[in-house]
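What follows is a single structure, written as structure tokens, with notes after it.
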Amino acid sequence: MSALVSLRRVTKSYVRGKQKVEVLHGIDLDIQPGEFLALMGPSGSGKTTMLNLIAGLDQPTSGEVMVGESRIDKLSRGALSDWRARNIGFIFQFYNLLPVLTAEANVEVPLLLTDLTRAQRRKRAQTALQLVGLADRGKHKPNELSGGQQQRVAIARAIVADPTLLVCDEPTGDLDRQSAEEIMNMLQALNRTQGKTIVMVTHDPRAAEYATRELHLDKGQLAREEVRHVA
Amino acid sequence: MKYFKLIWAGLWRKKARTIFTMLSIVVAFLLFGLLQGINQGFNQAVQNLNVDRLYVSARTNMTDGLPYAYAARLKGVPGVRAVSHWTYFGGYYQDSKNVIPAFSTDAEALFKVYRELKVKPSYLEAMTRTRTGALVSEKLAEKYHWKVGDRVPIGTSIWTDKQGSNTWDFDIVGTFDSTAVGAGMPEFYFNHAYFDEAAAFGNGVIHYYIVGIDTPVNAVRISKAIDAMFENSTYETRTQTESALVQTAMKQLGDINFIANAIVGAVLFTLLFLTANTMMQSVRERTSELAVLKTLGFSDGKVLGLVLTEALLLCVFSAALGLVCATLVFPVLKPIFGEFQMPLIVLGMGAGMALLLALVSGLPPAWRARQLNIVDALAGR
């Protein structure tokens, strides 16, 4: 099977003040379709940088980033925006919902970039909310929801446009244990039942246990890999 | 249109701030509409003034007056077809707040000079017959419910009669239609012969000679001829066209054009900073939200468009509200400025100013939003 995501000799450097800091050093990585990958490692190891490169939020300093058929490291800013809209669903640590919009309107936002009619957008947003168990909370604003519920709205927003890849940056980092388990069960269900490919950055070993593969980064290099056999 | 909900929600993120900014814009454009509207209205009125009339007054000051005897000499100037005169009475009715634009005149000659004033011949005849007679505009008669045959006491802060009274009784002998002449013209005329005889002082002089000429082309020549005729005399004259006279009178109030533009300019300049600051603050507060939109696939151009449309919506909606208020206020100012309507050009100028305000105040924050780096913004850098 050909990989959905391929990173070849990827390096990434930042200039901070007068210093040039290389965060990733020649990373090679393949992620297969339907995989649930957990990226782990200490702070500053390059996990989020790698996630940003895979999601097309940032460009590598050198090397190739291939997602599906697209060499995304070659795309312009505009083309990359279009590509993200079609292919990537994002889940953030702090949910990052728009506070002025209702849950339903938040879920509808990615669909504004499609040709769907208003009624179609609304229906799909409601379906996505139903999938995350929040059909009755569509008219609530984010500040009227608990942390776990806000993250579920964020998951609905991530899946509403049916992306190829879900990227999650510490999705349970701001949640209590019970909410974290609910969120991880939901992500696992999306991976198992809908075949969604998921790349997740986490510090939490319990969250990582839901993944089919764990990759440990250290000082910008892949240090260790652990593959789980799904029952 | 599908982004409207997103833009609208962004606009109302901080309700109080948006409402206060909107109120500032509404008030600024209300002021703009009123000042520019009045200014344009005056300019239009001046342009519409007749150019086949000349006004002759004392060179030093209108109130110094000119001898009554000048009338015959003015009639002799080639190109002059009729001569009448005005003397300012400064009248009021019952209360000094009820100002009556009253003037003494030679009514028969006056209606020959002012051919656009419409009066029944029978009223003119009655005016000639009645020493204390007065002709009033239909608007004034309607306002105070006067009718022909009424005797009305008109007070004056300037003139006393020989009995020492400053309230003069006049008998209304007729009305005239002054709509074709427009605002700012006298609306109450009485016989100068009666006034000159009864006044305790200022006898034998008048304030203005109004000279009707055969063709506007000759206005300059006739003006020069009149002033030359009385040069080096005790009562030197200054002859002006009607529009020049009105402009001079208006300049006594101040340069309306300059005042209007200066006030509006200052207000809009301040407003520009206020709106730009509001938009900039709003964008700064939403850095992470805008970064999320970009993450979800909104292009740089779309994000710029969203912020700019937000500024446009704020400025254009508020400005439109301000201009509508100004249009509604105009009829209230009718007693002061007469029959003015909001000139369309002012509405057009207002729309242009609102667009400019939105662009100038919205572009810097919109550009900042466009340039936002997703990774840095999400990391709070």
Side-chain angles (χ1 to χ4, degrees), chain A residues 12 14 16 23 48-49 51-53 55-59 76-102 104-122 141-142 154 157-158 160-161 163 167 169, chain B residues 1-19 21 278-279 281-307 309-311 313-314 366-381:
Chain A
K12 178 68 187 175
Y14 291 110
R16 292 275 173 256
V23 185
T48 300
T49 302
L51 192 77
N52 289 340
L53 293 178
L57 295 178
D58 207 353
Q59 299 281 47
S76 65
R77 268 172 80 116
L80 211 48
S81 295
D82 291 342
W83 177 84
R84 281 197 304 273
R86 284 194 312 273
N87 296 286
I88 308 289
F90 292 88
I91 298 162
F92 304 91
Q93 180 179 357
F94 299 109
Y95 334 123
N96 282 346
L97 299 174
L98 302 180
V100 287
L101 297 181
T102 62
E104 189 181 298
N106 262 290
V107 177
E108 204 185 316
V109 169
L111 300 178
L112 295 175
L113 299 168
T114 66
D115 294 329
L116 295 175
T117 64
R118 195 178 166 189
Q120 288 170 323
R121 290 199 304 267
R122 217 169 150 197
K141 294 256 177 86
R157 180 178 68 183
V160 74
V167 294
D169 193 359
Chain B
M1 196 63 195
K2 63 182 170 179
Y3 300 114
F4 183 78
K5 197 195 276 184
L6 200 58
I7 295 164
W8 189 252
L11 194 58
W12 294 103
R13 195 174 191 277
K14 291 266 166 82
K15 282 193 183 74
R17 186 174 60 198
T18 303
I19 288 170
T21 308
T278 302
M279 290 305 300
Q281 259 186 355
S282 170
V283 165
R284 212 174 286 135
E285 282 166 6
R286 282 184 292 167
T287 300
S288 67
E289 291 169 35
L290 293 168
V292 169
L293 287 179
K294 284 189 167 191
T295 303
L296 297 179
F298 282 70
S299 63
D300 295 341
K302 272 203 176 76
V303 170
L304 178 136
L306 289 177
V307 176
T309 311
E310 202 177 302
L313 208 60
L314 176 74
W367 189 256
R368 184 189 160 104
R370 183 194 184 278
Q371 297 298 91
L372 207 66
N373 179 290
I374 302 174
V375 173
D376 287 343
L378 287 176
R381 284 193 285 267

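What you see is a predicted model, and the numbers here were worked out from it, not measured in a lab. Scope of the values below: all heavy atoms of this structure, side chains included, with no hydrogens, waters or symmetry mates. Here is how names work: the chains are called A, B, and so on, in the same order as the sequence lines, proteins then strands, and each is numbered from 1.
Distance check, rounded to the nearest 0.5 Å: OG1 of A:T117 to NZ of B:K2 gives 10.5 Å. In this structure, CG on B:L378 lies 7.0 Å from CG on A:L57, to the nearest 0.5 angstrom. Separation of atoms CG (A:L113) and CZ (B:F298) is listed at 4.0 Å; rounding is to 0.5 Å. Distance check, rounded to the nearest 0.5 Å: CD of A:E108 to CG of B:L6 gives 10.0 Å. The distance from atom CG of B:L296 to atom CG of A:N106, rounded to the nearest 0.5 Å, is 9.5 Å. Between the CD atom of B:E289 and the CG atom of A:L101 there is a distance of 8.5 Å, given to the nearest 0.5 Å.
The two residues A:V100 and B:G10 make their nearest non-hydrogen contact at CG2-N, 4.3 Å. Residues B:S299 and A:S81 approach most closely at CA-OG, 3.6 Å, considering heavy atoms.
Two residues are said to be in side-chain contact when any heavy atoms from C-beta on lie closer than 4.5 Å; B:L293 and A:L98 meet this criterion.
With a 4.5 Å cut-off on non-hydrogen atoms, B:K302 touches chain A through its side chain but not through its backbone. With a 4.5 angstrom heavy-atom cutoff, A:R157 touches chain B only via side-chain atoms.
With sequence neighbours left out, the side chain to side chain contact (heavy atoms under 4.5 Å, CB included) criterion links B:W12 to B:W8, B:K15, B:T18, B:I19, B:M22.
Highest contact tally toward chain B, considering only A:V109, A:N87, A:T49, is held by A:V109 [criterion: heavy-atom pairs under 4.5 Å]. For the set A:F90, A:W83, A:F94, the count of heavy-atom pairs under 4.5 angstrom toward chain B peaks at A:F90. Per-residue heavy-atom pair counts under 4.5 Å with chain B were compared for A:P110, A:A105, A:P99, and the maximum is reached by A:P99. Among the candidates A:N96, A:L112, A:D58, the residue making the largest number of heavy-atom pairs closer than 4.5 Å to chain B is A:L112.
Within a 6.0 Å sphere centred on CZ of B:R13, other residues, nucleotides and ligands contribute more than 12 heavy atoms. Residue-environment remark: CZ (A:R118) stays at or below the threshold of 12 foreign heavy atoms within 6.0 Å.
With hydrogens and angles disregarded, no donor-acceptor distance shorter than 3.5 Å links the side chain of A:R84 to the backbone of B:G297.
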